[in-house]
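For reference, the structure is listed below as structure tokens.
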Amino acid sequence: MLQAADLTLGILAGGRASRLGGRDKAWLVRDGQPRVLHVAAQLADACDSVLVSANARFERYHAHGFRTVADMTRDAGPIGGLEALADACRTRWLLTVPIDVLQVPDRVLDRLAAAGGRGAVVEDDDGLQPLLALYEIDALRAACAAALANGAFSVQAMQMRLGLPAVHFAGLRIGNINTPEDASSAGFLP
């Protein structure tokens with residue numbers, strides 16, 4: 001079992017909000033709480049620290065006590081966010097959670113940690129959820145550098161090269177927020 005002192009929670013919130021009509025997914029509100037606060041609250045107690053990969057609204061994150069990192073490599077998609085999180089991470093392990101997931105599986109950390117010494121990635125009944133993953137930080141840093149050097153921006157391909165096993169959460173459909181309709185049907189306020 002991973003100790004909190006060995007783990008950083010990395011929230012991937014650096015998207016452009018283009019599919020959501022300019023609305024920032026991190027600050028969508030449901031049950032009176034912005035999405036980023038909800039995601040952090042679910043997992044922060046199991047971690048040494050929380051990092052948010054974001055490319056805008058830094059002052060808003062800071063006002064809520066978050067340490068933010070911007071993409072070091074622009075226009076690289078989620079690999080750019082992973083690179084920034086890996087560079088800023090000071091623990092041996094990094095658990096990444098994308099801001100647009102509708103739910104984080106129960107016991108996600110325990111199950112991913114139990115999958116082996118390299119880390120693992122979540123798979124639900126819809127398939128692989130590549131941004132919901134546990135990484136050994138040195139391996140992630142090297143993998144991001146290699147992917148960016150080769151212009152290979154697929155997170156799934158990088159995870160395959162790392163040999164990360166998929167941990168299946170049977171009966172679960174994590175879902176995500178990509179459109180205004182997704183946000184509305186999930187109960188998020190405009």
Side-chain angles (χ1 to χ4, degrees), residues 7-20 23-30 33-44 46-47 49-57 60-61 64 66-89 93-106 108-109 111-112 119-135 137 140 143-144 147 153-159 162 164 166-169 172-180 182-183 185-188:
L7 180 68
T8 298
L9 171 61
I11 300 174
L12 290 158
R16 296 182 190 163
S18 56
R19 289 180 285 180
L20 204 58
R23 293 168 57 201
D24 189 331
K25 295 174 187 179
W27 300 105
L28 292 175
V29 174
R30 183 170 68 183
Q33 188 176 45
R35 185 75 189 128
V36 68
L37 295 180
H38 180 73
V39 170
Q42 287 181 278
L43 296 161
C47 302
S49 59
V50 178
L51 285 171
V52 178
S53 164
N55 291 311
R57 297 180 179 84
R60 197 167 186 187
Y61 289 104
H64 287 279
F66 290 111
R67 187 164 64 114
T68 58
V69 292
D71 290 2
M72 296 165 24
T73 305
R74 303 296 275 181
D75 298 322
I79 290 279
L82 289 172
E83 175 195 33
L85 289 171
D87 184 66
C89 183
W93 295 94
L94 176 69
L95 174 66
T96 60
V97 178
I99 198 63
D100 64 356
V101 295
L102 288 174
Q103 62 179 316
V104 176
D106 290 338
V108 67
L109 181 56
R111 296 215 27 219
L112 292 178
V121 60
V122 169
E123 179 182 61
D124 68 3
D125 286 350
D126 288 330
L128 206 60
Q129 300 294 326
L131 299 182
L132 191 49
L134 178 66
Y135 297 95
I137 200 63
L140 178 60
C144 285
F153 300 152
S154 167
V155 174
Q156 285 180 274
M158 180 189 73
Q159 290 170 336
L162 283 170
L164 296 187
V167 175
H168 186 73
F169 287 76
L172 182 65
R173 299 180 90 173
I174 292 170
N176 59 26
I177 307 161
N178 281 320
T179 66
D182 294 339
S185 66
F188 288 96

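Positions are given from 1, in the same order as the sequence printed here.
- Between Trp27 and His64, the angle of the ring planes lies from 30° to 60°, which puts this pair in the tilted group.
- For Trp93 against Gly119, the heavy-atom pair with the smallest separation is CZ3-N, 3.8 Å.
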Quick one: do Thr8 and Tyr135 satisfy side-chain contact (heavy atoms from CB on, under 4.5 Å)? Show the steps, please. CA-CA 10 Å; Thr8 298; Tyr135 297 95; over 6 Å; no
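- Remark: side-chain polar atoms of Arg111 are paired, donor with acceptor, to backbone N or O of His168 under 3.5 angstrom.
- Using a 4.5 Å heavy-atom cutoff, the side chains of Leu7 and Leu134 are in contact.
- Heavy atoms only, all atoms of each residue included: Gly81 and Leu12 are closest at C-CD2, 3.8 Å.
- Here the straight-line distance linking atom CD1 of Ile99 with atom CG of Asp24 works out to 8.0 Å at 0.5 Å rounding.
- Taking OG from Ser53 and OH from Tyr61, the interatomic distance works out to 8.5 Å, rounded to the nearest 0.5 Å.
- Between Ala88 and Val69, the shortest heavy-atom contact is CB-CG1, 3.5 Å.
- At a threshold of 4.5 Å between non-hydrogen side-chain atoms, the residues Gln156 and Val121 do not count as touching.
- Between the side chain of Asn55 and the main chain of Gly14, a donor-acceptor pair closer than 3.5 Å is present.
- Distance alone, capped at 3.5 Å, places no donor-acceptor pair between the Gln159 side chain and the Leu131 backbone.
- Residues Lys25 and Val36 form no side-chain contact, since every pair of their non-hydrogen atoms from C-beta on lies 4.5 Å or further apart.
- For the pair Arg35 (side chain) and Val101 (backbone), a donor-acceptor distance under 3.5 Å is present.
- Considering every non-hydrogen atom in both Leu109 and Ala46, the closest pair reads CD2-CB, 3.7 Å.
- Of the charged side-chain nitrogens involved, at least one lies within less than 4.0 Å of a carboxylate oxygen, so that Asp126 and Arg173 count as a salt-bridged pair.
- Summarising the geometry of Leu9 relative to Ala44, their closest heavy-atom pair is CD2-N, 4.3 Å, with the distance given to 0.1 Å.
- Here the closest non-hydrogen pair linking Pro98 and Leu132 is CD-N, 4.0 Å.
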Apply side-chain contact (heavy atoms from CB on, under 4.5 Å) to the pair Asp75 and Phe153, showing each step before the final yes or no. CA-CA 10 Å; Asp75 298 322; Phe153 300 152; over 6 Å; no
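- In this structure, the separation between CZ on Arg30 and CG on Leu102 is 6.5 Å, given to the nearest 0.5 Å.
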Worked check of side-chain contact (heavy atoms from CB on, under 4.5 Å) between Val97 and Val104: CA-CA 8 Å; Val97 178; Val104 176; 3.9 Å; yes
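- The line from CG of Asp125 to CD1 of Ile174 is 9.5 Å long, rounded to the nearest 0.5 Å.
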Residues Leu85, Leu140; criterion side-chain contact (heavy atoms from CB on, under 4.5 Å); working and verdict: CA-CA 10 Å; Leu85 289 171; Leu140 178 60; 5.9 Å; no
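- In this structure a side-chain-to-backbone donor-acceptor pair under 3.5 Å is missing from Thr96 to Gly10.
- Distance CZ/Phe66 to CG/Leu51: 10.5 Å, rounded to 0.5 Å.
- Inter-residue side-chain proximity for Leu82 and Met158 is flagged as met; some heavy-atom pair is nearer than 4.5 Å.
- Taking CG of Leu43 as the reference point, atom NE2 of His38 lies at 9.5 Å (rounded to 0.5 Å).
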